[in-house]
Each structure stands twice: as structure tokens, then as C-alpha cells.
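All heavy atoms count here, side chains included; hydrogens, waters and symmetry mates do not. Atoms within each ligand, like the ligands themselves, are counted from 1 in listed order.
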Amino acid sequence: MEILYKSTRGSEERVTASRAILQGLAEDGGLFVPERLPALDKTPEQFAQMTYQETAYEVMKLLLTDFTQEELKGCIKKAYGDSFDTDSIAPLAEAEGVWFLELFHGRTIAFKDMALSILPHLMTTAARKNRVENEIVILTATSGDTGKAALAGFSGVEGTRILVFYPKNGVSPIQERQMVTQEGANTRVVGIHGNFDDAQTGVKRLFADRELARRMQEKGFQFSSANSINIGRLVPQIVYYVYAYAQLLKEGRIRAGEEINVVVPTGNFGNILAAFYAKNMGLPIGKLICASNDNRVLYDFLTTGVYDRNREFYLTTSPSMDILVSSNLERLLYRIAGENPQQDALLMERLAKDGKYEITDEMRRGLKDFWGGYAAQERGAEKIRSLYEDTGYVIDPHTAVAAAVYDEYREKTQDGTKTVIASTASPFKFTRSVMTAIDSRYGEMDDFELVDELSRISCVPVPRAIEEIRTAPVLHRTECGKDGMKEAVEAFLGLEG
Ligand SMILES: *Cc1c(COP(=O)(O)O)cnc(C)c1O
């Protein structure tokens, strides 16, 4: 059955999956949501016999219904192959009686790879299907992780170019090195003299610039977006929850049909929304435990029904969760408002105007499957240390927030349901925070010494993504002022003069 996509804010437009992927946002500024969530049409026992790639096909075909079998399988094959350092793609590691679902075995060793390694292929396929002949230009502002994952995903993909802006003094040294050493003739990385917000605002302005769009069209280019509101990023994220469940069944850890809980370290609400979709498609998930860091806007929302972004913003050791407006939450609101776009549009208007909104009691009842928690930075650090001392297993600061919140959940609820924690980054990506959490004396070593020491104490080889940047030459040296972003785009696309 064909599934079409519509906007959370109510315009009547219905589009195919491939159109939604190309377009990114709906015309009315809302997010695309599937008209209905299809049910999984394979049993847990059948999933237990499948590889990651087979699982991906069985899940994604249900939501991307205008892609042919051949197209979808082609995208999956290109995405989930050699760029991952394990055949299982998303392995489970057990420690202290819970399973860490390691989503960091892709090119950039963070969970963004799970979706960004397939999005470029979905997008070029979508362009072909819709007879778009322009070259697709991906424009991204990044605070660190997304930029590199998008660069790695789009590098060398025919019919696309990618330009990433990052705050010159606002990302970690390892993150910067990862980006400026990016290969691929279709990639460009520009450091801007400003903060992440400046980069983000500048990118939004470029997307809305009609005069630029017209000149690009004349030269055969059009913009598209790889950020986490694109449905082409959400759908691939449903896959690993189904896969994790099936692996637990295969290993005899659970019975078919037994519910599991999932814990997700949350920022933009994309990853946990994928788990919610998986549950609504019939995967036996009990609680969805939403873990925040010091920026606990989601915790407050889930416990009080009030979303309020007017608060102090903290920079933490889990930077990918330092977010005050979780854009994918809009898709959940739409659902708990009984798929009522007017109500959703009203709440989004309040958010834009007052930075704040409150949901109804009825909507709050729709949140019953969620449990919100938060862990301050020190509690996360303590969790990294204690888990390492008790088991030898080392986790990154984002995953540590989730693990600390889960401890609190267990203590408060006494719920013994088997649990999967989404492990969103390799500890090697945040080596300094991880090592100083384990022992403050590590603070004296330099970044690459710490990498070797982490490898030694955790008995995990240094990931390829880190080995590469030790020696890789710097290929991108362009910098610009906040007001120079348009010229940077023009130079990249050869539009000057
Ligand atoms: C992006 C990211 C998150 C947050 O995921 P959302 O889908 O935005 O909630 C958590 N951890 C890491 C390491 C990330 O890169």
C-alpha cells in the first residue's frame, strides 16, 4: 500500500516519499510525516534470521513505498558495506545486565552515520525518479558531528555537492581535523568567524534566498537539506531498533513478543522518535526512556507538559545534546494531538513567538510510553568511570548520560524489563572527556597520546576514523566572516561574475 507524506502543520499537499526526501521541509514550514504508520509484515523470528541489510530493506520498503525493490536494495548495499568496521553494522555489547546498541561503527564513529550513509543514495535516487536534472547541493551548518557525517556520506556521490560551514573556534580539535581533511572533489568545508547560531542562521538565509536560487537554477543546481528533520534520515533509524530486538531474540536473551525498554540520549529528538515509530509499527517496546543532559528542556516537558526554551544554555561534554529546540519533537506533538495539524501549528506559533507552549491533559496522556530523565555532566562522568571500573567497558559522554538516567529509572521504578541503551558515539570521538572522567591525571596528555591510552585500557583498537586524521593532509583552509557565506557558496558553484 502506497504511503504518502503530509505536513504536521496542515497544508493539504500530499507527496511521495521520494519528493519528501528531496524537499526536506513541507511548503508551510511543517515536517513531513507518513499518513499512517504501516505495521511490520515480518515476525520477530523472521527478523532474527536476517542480516542488517535485509532488515533495512524489510523496514524501509514499508515507508518508502515509491522506491522500487531494486532501487532500495541498491541504496542499502551502497550504504551499509565496507564503510562500517563490522559486518553486523550495529552490534550489541552487554555490560551490567543491559545491552548497549553500538551505533558508532560507521565512517565518522557516531550514530549520525547510520542515516547519513544512506541519505545521499536515497536523495540521488529520488532526484532521478522525479526527473530532477539539477545537481543537488547540500548546505549544512554544523556544531561538530553532523558536518563530518554528511561530508563522508556525500563525498564522491555523483550528482551531488556538499558545503559545510562550521564555527572556526567552536568545535573540538578532533572534530575540526576530521572535517578539514575530508577528501572528495564535490566537498567543501568553510570555517566561519562566528558561533554555531551564526552559521545556522546564515544557512537558513541562503536556503530562502530566491535570487540565489534563480542563478543556481540557471547553472543547473538546487539546494537540499541533510539535517535531521529530513524523513530520509528518520526512516533508516527505525531499522536498528528492529535489528536489535531480533538479535536479542536470536541469542535467546528474550522470548518472541517480550517487551524491551529502550534508553536514548536525546538532542533533536530524531533517534528516540525512530524508536517510537518502531513501537507503533508493532515492535514490542515498553518504555521509551528519554535522557537529557544539563539542557533538560525535554525532561521538563515530559514531566510537566510545558515546553520552555527560555532558559540558560549550557555547553557540556555531550555537545550533540546541547539543544534547546528539539525540532523532531514536532512530529510527536502532531501524533499526540490526534494528528490534528491546527493544534500542532498553534503550538509551533507559540514556540516561535514566546519560546514556550503547554500541551493539553489529553495530549499528555499520549506521552505515557515515555519516561524523561536527565543527568548532569558530573553524573555522566561518574558513570563512565564506574562502568569502566566494574566491567572494563568504556562509553562516550552521550551514552553515559543515557546510562546514568537508566540507573535512576531502575531505582525509581524497580522495572526489570530487559533494556537496550542507544550508544551514540565511540569513546574515541570524545577521548579527552572520557579519559579525564576515568582519571583526572589524564588531563596532562595530548589528544593523540590519550587515543593510544584509551585503546590500551579498553582493549579496543583505534578506529580507522581516528587513525586517518593523525596523518591526513589538511585539504580545506577557506574561512569567511558571518556575512561572507553567500560568496562562499557562489565561489564553490562557480556563480561569480
Ligand atoms: C546527534 C547525536 C545525539 C542526539 O540525537 P538526536 O537524534 O538529535 O536526539 C546524541 N548523541 C550523539 C553522539 C549524537 O551525535
Side-chain angles (χ1 to χ4, degrees), residues 31 90 100-117 119 140-153 171-172 174-175 178-179 196 200 226-238 240-241 262-278 288-299 301-302 316-332 370 372-375 377 380 384 395-405 421-431 433-434 463 465:
L31 273 54
F100 289 87
L101 174 59
E102 296 187 347
L103 302 175
F104 54 74
H105 289 273
R107 277 201 203 91
T108 74
I109 60 176
F111 105 98
K112 304 284 190 293
D113 292 327
M114 301 304 297
L116 279 166
S117 50
L119 181 70
T140 305
T142 186
S143 55
D145 278 352
T146 305
K148 177 63 188 186
L151 283 164
V171 300
S172 81
I174 291 203
Q175 285 175 324
Q178 276 192 307
M179 288 190 279
F196 171 64
Q200 174 105 314
N227 73 20
S228 82
I229 48 93
N230 194 310
I231 200 81
R233 278 187 60 183
L234 193 55
V235 171
Q237 293 180 177
I238 301 170
Y240 46 75
Y241 291 105
V262 300
V263 192
V264 185
T266 302
N268 242 332
F269 211 78
N271 199 358
I272 195 164
L273 184 75
F276 177 72
Y277 276 9
L288 298 148
I289 299 167
C290 175
S292 300
N293 66 15
D294 298 83
N295 296 296
R296 41 181 257 197
V297 63
L298 285 167
Y299 163 79
F301 171 69
L302 291 172
T316 73
T317 47
S318 44
S320 300
M321 300 163 69
D322 292 343
I323 285 175
L324 291 182
V325 178
S326 299
S327 38
N328 268 296
L329 186 64
E330 183 171 345
R331 289 192 166 106
L332 178 67
F370 288 87
Y374 75 98
Q377 184 159 309
I384 293 173
I395 55 177
D396 99 289
H398 302 77
T399 310
V401 167
V405 164
I421 296 180
S423 183
T424 52
S426 160
F428 285 94
K429 189 145 193 179
F430 299 94
T431 317
S433 305
V434 168

Between Asn271 and Tyr240, is any pair of side-chain heavy atoms under 4.5 Å apart?
yes

Starting from atom 4 (C) of ligand 1, which protein heavy atom do you reach first, and at what distance in Å?
Gly267 N, 3.6 Å

Does an N or O from Thr424, backbone or side chain, lie closer than 3.5 Å to an N or O of ligand 1?
yes

Can you check whether Phe370 and Phe276 have ring centres sitting under 6.0 Å from each other?
yes

Under a 4.5 Å cut-off applied to non-hydrogen side-chain atoms, are Met179 and Thr142 in contact?
yes

Any Pro265 heavy atom less than 4.0 Å from ligand 1:
yes

Ranked by distance from atom 14 (C) of ligand 1, the top protein heavy atom is Lys112 NZ, 2.9 Å

Heavy-atom distance under 4.5 Å between the side chains of Tyr374 and Val297, does that happen here?
no

Should Met321 be counted as touching ligand 1, given the test is an N or O pair under 3.5 Å?
no

Nitrogen or oxygen atoms of Phe430 and ligand 1 under 3.5 Å apart:
no

Check whether any side-chain N or O of Asn268 sits under 3.5 Å from a backbone N or O of Ser327 as a donor-acceptor pair, and report yes or no.
yes

Can you find a pair of side-chain heavy atoms, one from Asp396 and one from Lys429, that are under 4.5 Å apart?
no

Less than 3.5 Å between some nitrogen or oxygen of Phe269 and one of ligand 1, yes or no?
yes

